[in-house]
Amino acid sequence: MEKMKLYCIPYSGGSAEIYLKWKKLFPENISIIPVELAGRGKRMKELFYESCEEAVKDLADVIEDDMKEGEKYAILGHSMGSLLAFETYYELLRRGCCMPVHMFMSGRKAPQNIQKKTAFYLLPEEEFLKVVFAYGGSTPAAMENATLRKLFLPILRADFKIAEIYEYIPRTEKIMCPVTILNGTKDYSVLEYDLSEWSEFAGSDFCIKQVEGGHFFIMENMEDTVAVITEVLEKTFY
């Protein structure tokens with residue numbers, strides 16, 4: 001049976017751990033590789049990234065070091081992770097690496113859409129948290145705990161920063177593998193944008209898949225999310 005790796009990049013404030021529950025839901029021939037970002041999880045002692053460029057170079061290092069010659073792989077990122085996944089593709093291309101067979105960008109507008117430039121990461125604590133809470137998920141409950149707040153608030157600020165100071169550079173090269181955009185049916189933070197703008201980068205097949213749920217549908221509705229991803233990836237085996 002042909003096998004494939006799926007490298008999964010977390011959202012703002014998230015760690016590799018968020019994808020661990022996915023492992024038991026995928027078929028045996030699709031291996032989930034949760035990618036840990038600096039400053040959290042097993043990399044807690046490392047400094048946060050200062051820019052998207054710094055994060056992307058690190059992610060490309062991780063993927064390049066893990067890859068084996070001739071091995072099929074795909075990349076998925078959610079929310080901030082989508083931006084990192086997108087830029088990581090082009091960093092791997094620049095390096096002349098073996099390229100992915102599929103790209104998944106989830107829960108985020110297309111990178112060239114810069115109509116609303118923000119700097120939420122600079123807000124005072126309570127105002128910043130209101131912005132974070134608006135995305136839903138389990139963050140509000142976690143932040144009621146003083147210890148968790150002290151731990152996760154710096155991570156959230158650092159992640160918001162690299163996404164908010166990001167400057168889009170127009171791309172001449174297309175993504176030469178199929179691209180799937182995932183989004184929650186009730187993710188109003190993203191639905192106000194035109195998700196079809198992602199198609200600008202597609203040099204191969206392109207599709208948008210909706211999954212029931214809000215911004216964190218990938219966790220709230222894991223079974224349906226994994227089913228969609230599995231169905232898409234299985235097509236690459238034929």
Side-chain angles (χ1 to χ4, degrees), residues 2-12 14-16 18-19 22 26 29-43 46 48-113 159 162-163 165-182 197-207 218 229 232-237:
E2 195 170 4
K3 295 185 178 182
M4 179 189 302
K5 288 180 177 179
L6 176 61
Y7 294 98
C8 300
I9 305 171
Y11 47 76
S12 293
S15 71
I18 65 175
Y19 293 110
W22 280 17
F26 276 92
N29 60 327
I30 300 176
S31 299
I32 302 305
I33 312 294
V35 181
E36 193 67 273
L37 303 178
R40 68 214 74 194
K42 63 183 180 182
R43 301 182 65 182
E46 297 181 33
F48 296 125
Y49 306 118
E50 290 295 328
S51 66
C52 182
E53 293 80 6
E54 187 180 337
V56 163
K57 287 179 181 178
D58 181 49
L59 286 167
D61 286 344
V62 170
I63 293 172
E64 189 175 8
D65 290 346
D66 186 72
M67 277 192 299
K68 293 179 175 60
E69 187 176 351
E71 198 170 47
K72 278 189 175 182
Y73 75 98
I75 302 175
L76 176 147
H78 182 72
S79 196
M80 175 195 71
S82 287
L83 179 61
L84 297 181
F86 169 77
E87 289 291 347
T88 298
Y89 174 90
Y90 286 101
E91 176 62 18
L92 291 168
L93 179 65
R94 186 190 68 79
R95 297 183 184 193
C97 296
C98 174
M99 299 307 292
V101 297
H102 207 101
M103 291 292 297
F104 293 91
M105 270 70 82
S106 171
R108 187 177 176 87
K109 64 181 181 179
Q112 75 274 33
N113 190 320
D159 287 351
I162 65 172
I165 68 172
Y166 168 78
E167 296 290 340
Y168 170 69
I169 300 173
R171 304 291 182 178
T172 54
E173 305 95 339
K174 299 289 187 179
I175 295 176
M176 297 310 297
C177 67
V179 174
T180 298
I181 306 305
L182 303 172
E197 288 181 333
W198 280 104
S199 65
E200 177 182 320
F201 308 103
S204 182
D205 294 340
F206 173 86
C207 68
I218 64 166
I229 296 169
V232 168
L233 288 180
E234 284 183 341
K235 294 177 183 178
T236 66
F237 294 126

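Not measured: the values here are computed from a predicted model. The first residue in the sequence is number 1, and the count goes up from there. Computation of the quantities below employed the complete heavy-atom set of this structure, encompassing side-chain atoms and omitting hydrogens, waters and symmetry-equivalent molecules.
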Original post:
When rounded to the nearest 0.5 angstrom, what distance separates CD1 in Ile218 from OG in Ser106?
Top reply: 5.5 Å

**OP:** Report the relative orientation of the aromatic rings in Trp22 and Phe26; use parallel for angles under 30°, tilted for 30 to 60°, perpendicular for over 60°.
**Re:** tilted

**OP:** Could you grab the distance from atom OG1 of Thr88 to atom CG of Asp61, nearest 0.5 Å is fine?
**Re:** 10.0 Å

Subject >> Whether Lys72 side chain and Glu2 backbone form a donor-acceptor pair below 3.5 Å >> reply: no

**OP:** Nearest 0.5 Å please: distance from the CD1 atom of Ile162 over to the CG atom of Leu37.
**Re:** 7.5 Å

Original post:
Tyr49 side chain to Ala38 main-chain N or O, any donor-acceptor pair under 3.5 Å?
Top reply: yes

Subject >> Backbone of Gly14 reached by a side-chain donor or acceptor of Arg40 within 3.5 Å >> reply: yes

Subject >> Residues Asp66, Tyr7; criterion side-chain hydrogen bond (donor to acceptor under 3.5 Å, both in side chains); working and verdict >> reply: CA-CA 10 Å; Asp66 186 72; Tyr7 294 98; 2.5 Å; yes

**OP:** Return the set of residues passing side-chain contact (heavy atoms from CB on, under 4.5 Å) with Ser79 (not counting sequence neighbours), or none when no residue passes.
**Re:** Tyr11, His215

**OP:** For Ile75 and Val35, run side chain to side chain contact (heavy atoms under 4.5 Å, CB included): C-alpha distance rounded to whole Å, both residues' side-chain angles, the deciding distance at 0.1 Å, then the answer.
**Re:** CA-CA 10 Å; Ile75 302 175; Val35 181; over 6 Å; no

Original post:
If you measure from OG on Ser204 to NZ on Lys174, what distance do you get to the nearest 0.5 Å?
Top reply: 12.0 Å

**OP:** Report the residues that fulfil side-chain hydrogen bond (donor to acceptor under 3.5 Å, both in side chains) with Tyr166, sequence neighbours left out, ordered by chain and then residue number.
**Re:** Glu87

Original post:
Can you name the salt bridge (charged side-chain N to carboxylate O under 4.0 Å, His left out) partners of Glu197, sequence neighbours left out?
Top reply: none

**OP:** Verify, without hydrogens or angle tests, whether Ser199 (side chain) and Ala202 (backbone) share a donor-acceptor contact under 3.5 angstrom.
**Re:** no

Subject >> Salt bridge present between Lys57 and Glu53 (N-O < 4.0 angstrom) >> reply: no

**OP:** Using the ring pair (Phe, Tyr, Trp, His ring centres under 6.0 Å) rule, take Tyr89 and Phe201 through it: C-alpha gap first, then chi angles, then the decisive distance, then the call.
**Re:** CA-CA 11 Å; Tyr89 174 90; Phe201 308 103; over 10 Å; no

